[in-house]
Amino acid sequence: MNARVTGVGMTSSRTRARMIERLRQQGIRNESVLAAMNEVQRHIFVAEALAHRAYEDTPLPIGCKQTISSPYIVARMIEILLEGRSSLGRTLEVGTGCGYQAAVLGRLTRDIYSVERILPLLEKARTHLAALPDLRHVRLRHTDGSLGLPLVAPFNSIIVAAAAVEIPRSLCDQLAPGGILVLPVGEGEQYLYCIRRTAQKFVEEKLEAVRFVPLLTGLEK
Ligand code: SAH
């Protein structure tokens, strides 16, 4: 088989279907999340040389010392956001990276902002998203997401793709009542946290151990 045909095989809808099967085996149950991930061609978001590995359950380099999260962690975090709810509503993603998770989120909500502090990554993400149908509504911004997006808050869902040292107060404050924030927290050891805003307070839940790049402040051009 020549390289081109192999390449097509590795990035086909069958390969994606196998990824979805694996996510089910790993415990992902939310059918909307699985359907969204089945629709988004993950290989579009990684460098051509890595496209054949795009559907493996692994993070991959995307340039600027950053990584695209593994399919499982993307599915798991969005599933947490949807727990007990039928929609994501107004959503903020912090850490656009290559735009893959923004694309999956964009299949699940029409009202989404994704912010990235490294400009070249944001520009690449814009190109990737434009290559897929029906994602024109995903709004990308070059800004420091640790401060959230105060001008468009409150959000029903906030998802952070980089590990914070502690839970950022500004992100909690930008949750709407009933809203959910999911993010990795910690310096050496990191854990996934889920914070729900009720009418009166914030309810914090510590979940499994994870591994993410750090949430940094300031912008890179
Ligand atoms: N969701 C991405 C994952 C990218 S990795 C994907 O699907 O590819 C995490 C990203 O968070 C990196 O691109 C990093 O530059 C970005 N990041 C880190 N700190 C940030 C901050 N304060 N504001 C915005 N983006 C940030």
Side-chain angles (χ1 to χ4, degrees), residues 19 23 33 36-37 39-47 50-51 53-81 88 91-109 112-129 131-132 135 138-150 152-153 155 157-172 174 181-187 190 192 210-221:
M19 176 185 84
L23 291 173
V33 175
M37 290 186 63
E39 281 165 9
V40 177
Q41 297 175 294
R42 190 169 153 94
H43 63 274
I44 304 270
F45 293 85
V46 299
L50 289 172
R53 300 194 57 197
Y55 297 96
E56 291 176 17
D57 195 38
T58 179
L60 293 169
I62 54 172
C64 305
K65 295 194 213 139
Q66 305 303 320
T67 53
I68 180 175
S69 307
S70 72
Y72 174 76
I73 199 72
V74 171
R76 171 79 179 123
M77 288 175 80
I78 302 176
E79 187 169 76
I80 292 168
L81 283 178
L88 292 171
T91 299
L92 171 65
E93 179 192 31
V94 176
T96 313
C98 65
Y100 173 70
Q101 183 166 266
V104 176
L105 292 165
R107 309 292 327 174
L108 293 162
T109 178
I112 166 166
Y113 294 80
S114 179
V115 305
E116 171 58 56
R117 59 179 289 280
I118 303 178
L119 188 56
L121 284 180
L122 191 74
E123 283 166 350
K124 258 200 254 175
R126 207 180 286 287
T127 311
H128 296 151
L129 289 169
L132 295 174
L135 289 171
V138 177
R139 286 159 292 200
L140 303 180
R141 300 279 184 271
H142 181 221
T143 187
D144 178 351
S146 57
L147 308 170
L149 268 186
V152 290
F155 297 96
S157 304
I158 303 179
I159 180 167
V160 185
V165 174
E166 53 186 31
I167 299 169
R169 182 73 218 182
S170 46
L171 295 185
C172 295
Q174 288 173 36
L181 161 65
V182 58
L183 81 168
V185 180
E187 277 180 290
Q190 301 171 1
L192 219 48
V210 286
R211 190 87 221 119
F212 277 83
V213 296
L215 185 73
L216 302 174
T217 55
L219 296 182
E220 275 183 44
K221 290 251 160 105

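Remember, it's 1-based here, ligands and their atoms both numbered in the order they're listed. If you read the sequence from its start, that first residue is 1, and numbering goes on from there. Keep in mind the model is a prediction, meaning the values are calculated, not measured.
Using a 4.0 Å cut-off to heavy atoms of Thr143, the atoms of ligand 1 that qualify are 23 (N), 24 (C). Residue-ligand proximity, Ser146 to ligand 1, at heavy-atom distances under 4.0 Å covers atoms 22 (N). In summary, the atoms of ligand 1 found under 4.0 Å from a heavy atom of Asp144, numbered by their order in the structure, are 21 (C), 22 (N), 23 (N). Residue contact check: Leu121 has heavy atoms under 4.0 Å from atoms 13 (O) of ligand 1. Heavy-atom proximity to Val115, at under 4.0 Å, picks out these atoms of ligand 1: 24 (C), 25 (N). Close approach of ligand 1 to Ile118 (heavy-atom distance below 4.0 Å) involves ligand atoms 15 (O). Here is the list of ligand 1 atoms found below 4.0 Å of a heavy atom in Ala162: 11 (O), 18 (C).
Using a cutoff of 4.0 Å between basic side-chain nitrogens and carboxylate oxygens, Glu56 and Arg53 are scored as salt-bridged.
Distance from atom 23 (N) of ligand 1 to its nearest protein heavy atom, with residue and atom name: Gly145 N, 2.7 Å. Looking at atom 16 (C) of ligand 1, its nearest protein heavy atom turns out to be Glu116 OE1, 3.4 Å. Closest to atom 9 (C) of ligand 1 among all protein heavy atoms lies Ala161 O, 3.3 Å. From the protein, the heavy atom lying nearest to atom 22 (N) of ligand 1 is Leu216 O, 2.5 Å. Here the heavy atom of the protein found nearest to atom 12 (C) of ligand 1 is Gln66 OE1, 3.3 Å.
To the nearest 0.5 Å, atom CD1 of residue Ile78 and atom CG of residue Leu105 are 4.0 Å apart. Atoms CG and CZ, on Leu81 and Arg76 in that order, are 10.5 Å from each other to the nearest 0.5 Å. Note that the CG atom of Leu219 and the CG atom of Leu119 stand 9.0 Å from one another [nearest 0.5 Å]. Annotation: the span from Ile118 atom CD1 to Glu123 atom CD amounts to 12.0 Å, rounded to 0.5 Å. For the atom pair CG of Leu181 and SG of Cys172, the computed distance is 5.5 Å after rounding to the nearest 0.5 Å.
Among Val94, Thr217, Thr96, Thr67, the residue whose heavy atom lies nearest to atom 4 (C) of ligand 1 is Thr67. The nearest non-hydrogen atom to atom 18 (C) of ligand 1, considering only Pro214, Gly218, Ala164, comes from Pro214. Which of Gly95, Cys98, Ser69, Gly63 comes nearest to atom 8 (O) of ligand 1 through a heavy atom is settled by distance: it is Cys98. Scanning Glu93, Arg117, Gln101 for the heavy atom closest to atom 17 (N) of ligand 1 points to Arg117.
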(message) Between Leu129 and Leu140, does the side-chain contact (heavy atoms from CB on, under 4.5 Å) criterion hold? Intermediate values first, please.
(response) CA-CA 10 Å; Leu129 289 169; Leu140 303 180; 3.8 Å; yes

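In this model, no donor atom of one side chain and acceptor atom of the other lie less than 3.5 Å apart for Glu116 and Thr96. With no hydrogens or angles considered, no side-chain donor-acceptor pair links Arg42 and Tyr100 at under 3.5 Å.
Contact annotation: the side chain of Leu92 never approaches that of Ile159 to less than 4.5 Å [non-hydrogen atoms, C-beta and beyond].
With a heavy-atom cut-off of 4.0 Å, Ile68 touches ligand 1 through backbone and side chain alike.
Checked by atom type and distance alone, the side chain of Gln66 never pairs as donor or acceptor with a backbone atom of Val213 at under 3.5 Å.
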